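Data block below; observations after.
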Protein chains: 2
Amino acid sequence: MEYRDKNGLTEKEFLAQYDPGDYPRPSVTVDMMVLGPKKDYSGLKILLVKRGEHPFYNCWALPGGFVRPEESCYEAASRELKEETGLKHVFLEQVYTFSKPDRDPRTRVMSVAYMALSPVVPRVKGGDDALEAAWFDFEFTDNMLHIYNDDIGVSIIYQLSTKRFRNGNIKYGNLVPTLKTKTRLAFDHVEIIVESMIKLRREIEYTDLPFSMAKEEFTLPDLQAIYELLLGHKLYKANFRIMVADRIEDVGAKDKSVIGKRMSELYRLK
Amino acid sequence: MEYRDKNGLTEKEFLAQYDPGDYPRPSVTVDMMVLGPKKDYSGLKILLVKRGEHPFYNCWALPGGFVRPEESCYEAASRELKEETGLKHVFLEQVYTFSKPDRDPRTRVMSVAYMALSPVVPRVKGGDDALEAAWFDFEFTDNMLHIYNDDIGVSIIYQLSTKRFRNGNIKYGNLVPTLKTKTRLAFDHVEIIVESMIKLRREIEYTDLPFSMAKEEFTLPDLQAIYELLLGHKLYKANFRIMVADRIEDVGAKDKSVIGKRMSELYRLK
DNA sequence: ATAATAGTGTCTATCAGACATTATCTG
DNA sequence: CAGATAATGTCTGATAGACACTATTAT
């Protein structure tokens, strides 16, 4: 395998003299949509951080940060998530890479988007002015995205409309967000949320994804509540139970649901 | 909106003095799995290029290249595809971003993977030694990936095995390729193909994706053949026609199928 | 005891899978 | 006319959606 290239170099020699950078390189960040359930499972929360520097100074943004030279994007996302929330071993999945040259006014920055689902909503540092973080109420319907936190008096609303267009023989459908409030999200972070939610809802149909927002042992009323939160609509109890029946196993104990007022059977993921 | 940050700078002033690069930046490339049908719809072809430099000198690789400073990843993929094949306006979709720090021995290179589906298999430059390109026969089954070109005597086989593992409460399933021939694909390009095929087959279920491999006007026997090629298994004619019925419209003319021996009705995508 | 919720039974419409039959074209 | 293939008909089992009912428990 000791090929020599057109300059007569072996691979080893080539690598030793290799000079990167024909083109200026982009910075690469990871940004995450982190969702968790409210304590009573009455809604979803999303984690945002307040930017302490330009651009979008004082604007709320998705948590994230630069990918370091010795780590993969997944590792970077995992690290940032732990730094921000203390969460480890939660569901964390790559969604899409955003790369429009002008998406960051500073310099060329690509963002590899991730989504994370947590079974809990841990307290985050709120006082530190430089990197304030907070959980916001999160509502995502067919035509509206509403992110708000009544404690700090912030409300961000985007209308969502479906645009269809064709490119030759190929059809595309896009969900386009339009800002409806004075306050907005930083950068193109709305788009990250939209893409993540589309992917999330699609994947619920063929994966065990909602289980990663449940506790290790859960009741079926609670699991159903999580499904309904993520899907954005109600489910029939009997049908839901048939649907998950072959994926769960009985723990052999009972506990009170987070939701309910009566004891119910505990299950875990098979 | 004329916020001043902790250094007393407005956003404009901040951007003027901004110095990028806390961390060394990665190079970013796009790499593509480009598929097209054989002329008689008896199989799929994949486009590969022979590497003319280290690393993986003389090794076959997916077409791709560096993302330039003024273009998005989609634009880069689109440009590379046109340069390589002359194809424009074909289905081209982002698949996944590969970012392991050691995936390229030269330097840190992330790859944003795309897949493209073409209705035709255009002739590619084969003589030029520096950047030889060729279409290979492509077979992707549940447990095998076979890429070969009998004209130039190249055969590359990977066995595919499903590995399941858990991370806390979260289950994962991965399709792991194992090389079975002397010849291999460059870099982690097998993984790009595997991920692309998984996404492709999943998306066929809820999109019109196979239509982008058909001609503008097509017969149903031909469209079914394309579905079968992409899915990797046979379909029942009657069921297939019911499935696509509400997505097609009658052109009002007949033509001979690519496949068949009798005239059949022409349709187009609604 | 009562109200509320946990848990089960079952009906229906729809759809994918499978196979059979008829219609039409080519040689 | 014969063989092949285009096009349609129909049976079946599985499944999602919808609603009704019974069982259990907290107050």
Side-chain angles (χ1 to χ4, degrees), chain A residues 37 39-42 142 201-210 214-215 217-268 270, chain B residues 40-42 142 201-210 214-215 217-268 270:
Chain A
K39 280 215 183 71
D40 60 358
Y41 288 2
S42 65
D142 286 344
R201 291 197 172 160
R202 178 118 50 215
E203 289 192 341
I204 289 175
E205 291 182 7
Y206 60 88
T207 67
D208 298 330
L209 202 144
K215 309 207 163 81
E217 300 186 344
F218 50 82
T219 66
L220 290 184
D222 286 347
L223 185 64
Q224 183 174 349
I226 291 169
Y227 263 87
E228 290 173 348
L229 288 179
L230 293 177
L231 286 170
H233 60 82
K234 289 276 172 193
L235 297 171
Y236 288 88
K237 191 170 27 168
N239 303 338
F240 170 75
R241 282 160 186 251
I242 293 169
M243 193 251 299
V244 297
D246 54 351
R247 287 186 273 170
I248 57 179
E249 60 184 6
D250 204 320
V251 170
K254 296 198 168 210
D255 197 5
K256 213 173 230 172
S257 294
V258 171
I259 275 196
K261 286 160 190 170
R262 265 184 51 193
M263 300 291 276
S264 49
E265 199 63 30
L266 278 176
Y267 294 87
R268 72 164 73 88
K270 214 184 269 183
Chain B
D40 59 358
Y41 288 0
S42 65
D142 286 343
R201 292 197 170 159
R202 178 118 52 216
E203 289 191 340
I204 289 176
E205 291 182 8
Y206 59 89
T207 68
D208 297 330
L209 204 144
K215 309 209 163 79
E217 299 186 344
F218 50 82
T219 66
L220 290 185
D222 285 347
L223 185 64
Q224 182 174 350
I226 291 169
Y227 264 86
E228 291 173 348
L229 287 180
L230 294 177
L231 286 171
H233 60 83
K234 288 276 172 193
L235 297 172
Y236 288 87
K237 190 168 27 167
N239 304 336
F240 170 75
R241 280 159 188 252
I242 292 169
M243 194 250 302
V244 298
D246 54 351
R247 288 185 273 170
I248 58 179
E249 60 185 6
D250 203 319
V251 170
K254 296 197 167 211
D255 197 6
K256 214 172 232 174
S257 294
V258 171
I259 273 195
K261 286 159 191 172
R262 266 185 51 195
M263 300 292 277
S264 49
E265 199 62 32
L266 278 175
Y267 294 88
R268 73 165 72 87
K270 213 185 266 181

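Small disclaimer: the values here were computed from a predicted structure and weren't measured. Per chain, numbering begins at 1; letters A, B, ... match sequence-line order.
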inquiry  = Taking the nucleotide of DNA chain D with the nearest heavy atom to each, does B:Asn239 or A:Met243 sit closer to the 5' end?
reply    = B:Asn239
query = Within a strict 4.5 Å, meaning less than it, do heavy atoms of the A:Leu235 and A:Tyr227 side chains meet?
reply = yes
ask   = Phosphate oxygens OP1/OP2 of D:dC19: is one of them under 4.0 Å from a side-chain N or O of A:Lys237?
value = no
ask   = Rounded to whole angstrom units, what separation is found between the CG atom of A:Leu235 and the C1' atom of D:dG17?
value = 11 Å
message = Using whole Å, what does the distance between atom P of nucleotide D:dT5 and atom NZ of B:Lys254 come to?
response = 16 Å
query = Is the shortest heavy-atom distance from the side chain of A:Lys215 to the side chain of A:Val258 under 4.5 Å?
reply = yes
message = Looking at B:Lys261, I'd like to know whether one of its side-chain N or O atoms comes within less than 4.0 Å of OP1 or OP2 on D:dA4.
response = no
request  = Taking the side chain as every heavy atom from C-beta outward, state whether A:Asp250 and A:Tyr267 have any atom pair closer than 4.5 Å.
outcome  = yes
request  = Would you state whether a donor and an acceptor, one from the side chain of A:Arg262 and one from the base of D:dT24, lie under 3.5 Å apart?
outcome  = yes
task = Check whether any side-chain N or O of B:Tyr236 sits under 4.0 Å from OP1 or OP2 of C:dG17, and answer yes or no.
result = no
Whole-Å distance separating the OH atom of B:Tyr227 from the P atom of C:dG17 = 13 Å
Side-chain heavy atoms of A:Ile259 within contact of A:Asp40, under 4.5 Å = no
inquiry  = Side chain of A:Met263, heavy atoms from C-beta onward: which of D:dA26, C:dG9, C:dT26 has the nearest atom to it?
reply    = D:dA26
Rounded distance in Å - CG (A:Asp255) to P (C:dT5) = 17 Å
Minimum side-chain heavy-atom gap B:Pro210-B:Ile204 below 4.5 Å = yes
query = With nearest nucleotides of DNA chain C determined for A:Ile242 and A:Ser257 from heavy-atom distances, which residue corresponds to the more 5′ nucleotide?
reply = A:Ser257
remark   = Rounded to whole Å, CG of A:Leu220 lies from P of C:dT5 at a distance of 17 Å
query = When all nucleic acid strands are considered with a 4.0 Å heavy-atom cut-off, which category describes B:Lys256: base, sugar-phosphate, or nothing?
reply = nothing
inquiry  = Given D:dA6, D:dG17, C:dG7, identify the nucleotide with an atom nearest to the side chain of A:Arg241.
reply    = C:dG7
message = Rounding to an integer number of Å, can you tell me how far A:Glu265 CD sits from D:dT25 P?
response = 10 Å
key: Among D:dA7, D:dT5, D:dT25, the one nearest B:Pro221 by side-chain distance   = D:dA7
key: d(NZ, B:Lys234; C1', C:dA16) in whole Å   = 19 Å
request  = Take atom CZ of B:Phe240 and atom P of C:dC15, then tell me their distance rounded to the nearest Å.
outcome  = 17 Å
note = Which of C:dC25, C:dT8, C:dC19 is nearest the side chain of A:Ala238? It is C:dT8
